Every structure is written in C-alpha cells, then in structure tokens.
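The figures here come from the full heavy-atom set of this structure, side chains too, leaving out hydrogens, waters and symmetry mates. If you're wondering where the values come from, they're calculated on a predicted model, not measured in any experiment. Every chain is numbered from 1 and lettered A, B, ... according to where its sequence line falls, protein lines coming before strand lines.
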2 protein chains.
Amino acid sequence: MFKVNKLTDYATVVLIDIARTDTVRSSQRIAERTGIPMPTVAKLMKSLHRAGLVASTRGAGGGYSLCRPAKDISVADVIQAVEGPIALTACADTSDEECNIQKLCPVQGKWNRVNTAVRSALSEVTLADMVDEVATFGRKTFDAPAVVTPAVVTSAVVTEVR
Amino acid sequence: MFKVNKLTDYATVVLIDIARTDTVRSSQRIAERTGIPMPTVAKLMKSLHRAGLVASTRGAGGGYSLCRPAKDISVADVIQAVEGPIALTACADTSDEECNIQKLCPVQGKWNRVNTAVRSALSEVTLADMVDEVATFGRKTFDAPAVVTPAVVTSAVVTEVR
DNA sequence: AGTAAACAGGACCCAATTAGTCCCGATTGG
DNA sequence: CCAATCGGGACTAATTGGGTCCTGTTTACT
C-alpha cells in the first residue's frame with residue numbers, strides 16, 4: 001500500500017482542527033479534541049513547529065497556532081514536515097541518502113520526473129480546501145466527548161461540544 | 001521520507017531491463033542481469049504476473065516477458081502491482097482497509113482528491129519513457145559482471161556484456 | 001516416460017522503520 | 001516560587017517490509 005505515515009494523517013487532522021478556530025491551544029487541548037494520545041500529539045507538534053507550520057508559545061497558557069493562513073499550507077508541506085523530503089526513491093534529487101552506484105545506474109534521474117509530478121500534485125491541495133470540506137460536511141454534536149482508542153483513529157476530529 | 005518500496009524500485013529496474021530487449025527470460029537470468037538476489041526477483045515477478053504486467057511461460061526454457069507494450073505500463077501500474085492500491089490514507093476510497101469511525105470523521109473523503117492527483121501524476125510516466133532515457137544515458141560496458149551487494153542496489157541494471 | 005528447468009503459492013524469519021512513551025531541561029505567566 | 005507548557009532527545013514496542021525457503025505444478029527435451 002502506497003500511503004503516508006499515520007503521523008502525517010494525524011497532522012492533517014490536528015492542523016485542520018486548529019485552522020477551523022484560529023486560536024492558541026496546548027498539546028493537551030489538542031489531544032482532547034482529536035482523541036489522539038497526548039504524548040503523540042506533543043511529538044507531532046514539535047515536528048510541525050520545527051518545519052515552521054505552527055508557531056508556539058511557551059509557559060503557562062501557551063500552546064500552538066498556525067504560522068501562516070491555511071490556504072498557504074499544502075498537503076506537501078505537511079508531509080514534508082512529518083516525513084521529511086518527498087523523494088520516491090533513494091537516489092532522487094532531493095534525497096539526502098546517497099545512491100552508491102549513481103555513476104552506473106541507468107535509471108538514475110528518471111524518478112525525478114515522477115517525484116516532481118507527485119510533489120506538485122500534493123502542493124495543489126491546501127489545508128484551506130480541507131477545512132472548507134469539513135465545514136460543509138455536516139457537523140455533528142455528541143452528548144459525551146467521543147473517545148476513540150488510538151489504534152482506531154485514522155482521521156478524527158471530535159467536534160467541539162463544550 | 002515519503003517513498004516507494006524498495007521492491008517497487010526493483011520492479012521498475014527489472015521491467016525496464018525486460019522492455020529494452022523484449023524477449024522471454026527466467027528469474028535466474030533477471031537476477032544475474034540486475035544484481036538483485038534471485039529469490040527476491042522470483043517473489044517480485046510473481047507480483048508482477050499476478051497484476052498482469054508480465055506474462056509467464058512455465059517449464060524448461062520458460063520465463064517472463066512484458067504483457068503489454070512498455071508505453072502502456074505506467075509507474076502507477078507498477079506501484080499498484082507491488083504495493084497494492086494507491087490510497088494515501090486508510091479511509092480513502094480504493095482502500096480495502098476500513099475506517100472505523102467513518103461516520104463521524106470529517107476529513108473522510110478529503111484525501112481522495114489528493115489520491116486522485118497523485119494517481120494521475122503517477123500514471124503520466126510510463127516504462128517507455130524510462131526506457132528512452134536509459135537508452136540515451138550513455139551505455140557502459142564492464143570487463144566483469146558488475147556485482148553489487150543487494151543492500152547497495154537501489155536502481156541498477158547491469159549492462160549486458162556477454 | 002523420466003528428468004530437469006522453470007513458475008506458483010505461501011509460510012516463515014529477521015531487519016528496518018514507525019508509533020508511541022517518557023524524562024529532563026527551558027521558558028513563561030500568575 | 002510554582003505550575004503550565006514547550007523543546008529535545010532517548011528509549012521501547014509494534015508494525016511492516018525485505019528476503020529466504022519449501023513444496024507443488026507445468027513444460028520441454030531426451
């Protein structure tokens with residue numbers, strides 16, 4: 001199966017949730033809202049922060065917020081933040097790995113075209129697009145916070161009820 | 001790192017090699033030509049056969065050959081043959097996995113757009129394109145068969161010397 | 001027929017990657 | 001000062017993927 005990390009999936013969930021109500025919120029809060037385990041959220045947010053997608057405020061009352069408007073954050077950005085450079089094979093141009101037989105590898109360079117195509121495809125969809133879809137998806141309200149076990153969560157944002 | 005399997009990389013190498021001289025060849029022979037370990041080649045070819053990318057002939061003198069012209073085999077085909085359906089997240093439409101919270105997952109369906117974009121990007125490059133590039137790459141000849149350890153091979157086709 | 005070459009399918013193991021947890025130090029607001 | 005919160009990184013557990021092997025079937029050739 002050709003797929004993104006589970007963490008990347010989580011990342012979109014978190015970011016979309018933040019984008020919907022643009023306020024500062026703590027990892028703790030994010031964990032509660034999304035159902036993703038708190039330590040995992042913390043780890044995730046560090047990656048997103050290092051990649052410059054979210055801004056962080058330390059200390060009591062601190063937390064995270066989007067660094068740029070949602071329309072300026074693409075799926076490619078998110079993937080790169082969590083998984084590193086998008087390079088379909090080890091010997092592609094943006095890869096930091098090194099192909100040991102580069103001099104004699106006839107396929108070398110050919111994947112770059114594919115990489116570029118994929119990268120641009122992933123750059124075309126932004127968080128804003130996803131937020132839009134979410135907004136029109138038909139919001140649901142729950143009596144109790146919908147608690148889902150981590151293993152089960154794939155892309156869940158628990159709609160705010162408080 | 002967002003990347004394809006090593007097996008998928010191998011697959012392109014093998015298929016490109018077959019495409020270059022369109023004749024039937026055994027797993028054994030393919031292994032020799034590419035430097036990929038024989039058992040791995042065997043496994044790989046089974047996948048490619050099951051996916052309908054190569055035709056197989058059993059018995060002595062048997063082997064594999066392309067099922068369709070190289071220009072009709074895309075990178076997407078190869079990836080799908082080796083890794084299964086291209087579905088970036090578990091809950092995407094072509095996925096056989098099931099998203100347990102589909103009813104309340106607001107992101108659901110949104111990745112499909114991304115999936116489609118990626119899929120079409122991957123469909124645009126065919127084996128024929130890659131073969132062309134290989135042909136003009138500047139063929140090299142070696143005195144001895146270039147033996148590369150499996151761990152090192154990323155995308156190698158050993159140019160025929162016999 | 002008999003034998004050897006080759007594919008088909010699947011079980012299995014080991015290594016590599018990824019997911020997830022935890023700890024400790026730094027920062028900041030009350 | 002204390003509590004809340006981020007930052008970095010070490011560590012463990014779980015999952016996946018790469019690779020091997022075995023057993024059966026098909027086919028060519030003698």
Original post:
Do Lys43(B) and dG19(D) share a donor-acceptor pair, side chain to base, under 3.5 Å?
Top reply: yes

Could you check how far [atom1] of [X] sits from [atom2] of [N], rounded to whole Å?
X	N	atom1	atom2	value
Lys46(A)	dC24(C)	NZ	C1'	11 Å
Asp9(A)	dT15(D)	CG	P	17 Å
Ile79(B)	dG17(D)	CD1	P	13 Å
Leu7(A)	dT21(C)	CG	P	11 Å
Glu83(B)	dT15(D)	CD	C1'	16 Å
Leu48(A)	dC6(D)	CG	C1'	14 Å
Lys3(B)	dA16(C)	NZ	P	13 Å
Glu32(A)	dA4(D)	CD	P	13 Å

Between [N] and [X], is there an OP1 or OP2 to side-chain N/O distance shorter than 4.0 Å?
X	N	answer
His49(B)	dA8(C)	yes
Arg29(B)	dA6(C)	no
Tyr64(B)	dA8(C)	yes
Ser27(A)	dT5(D)	no
Arg50(B)	dG9(C)	yes
Ser26(A)	dA4(D)	no
Tyr10(B)	dG18(D)	no
Thr40(B)	dT20(D)	yes

**OP:** Report the C-alpha distance between Arg29(B) and Asp17(B) in whole Å, list the side-chain angles of each, state the deciding distance to 0.1 Å, and finish with yes or no for salt bridge (Lys or Arg N to Asp or Glu O under 4.0 Å).
**Re:** CA-CA 11 Å; Arg29(B) 186 111 178 74; Asp17(B) 187 46; over 6 Å; no

Original post:
Considering only heavy atoms from C-beta outward, does the side chain of Cys67(B) approach that of Val54(B) to under 4.5 Å?
Top reply: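 Answer no - side chains too far apart.
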
Between [options], which nucleotide gets closest to the side-chain atoms of [X]?
X	options	value
Asn5(A)	dC7(C), dC22(C), dA19(C)	dA19(C)
Pro39(B)	dA8(C), dT18(C), dT20(D)	dT20(D)
Ala60(B)	dA8(C), dA5(C), dG20(C)	dA5(C)

Original post:
Out of curiosity, does Ile86(A) fall in the hydrophobic cluster containing Leu7(A) (side-chain heavy atoms, cut-off under 4.5 Å, transitive links)?
Top reply: yes

**OP:** Apply side chain to side chain contact (heavy atoms under 4.5 Å, CB included) to the pair Val14(B) and Tyr64(B), showing each step before the final yes or no.
**Re:** CA-CA 11 Å; Val14(B) 168; Tyr64(B) 297 96; over 6 Å; no

Subject >> Comparing Arg58(A) and Arg25(B) on DNA chain C - which has the more 5′ nearest nucleotide >> reply: Arg25(B)

Original post:
Going by atom types alone, do Arg25(A) and Thr23(A) pair a side-chain donor with an acceptor below 3.5 Å?
Top reply: yes

Subject >> Chi angles and distances behind the salt bridge (Lys or Arg N to Asp or Glu O under 4.0 Å) call for Lys71(B), Asp129(B) >> reply: CA-CA 7 Å; Lys71(B) 73 172 174 52; Asp129(B) 297 327; over 6 Å; no

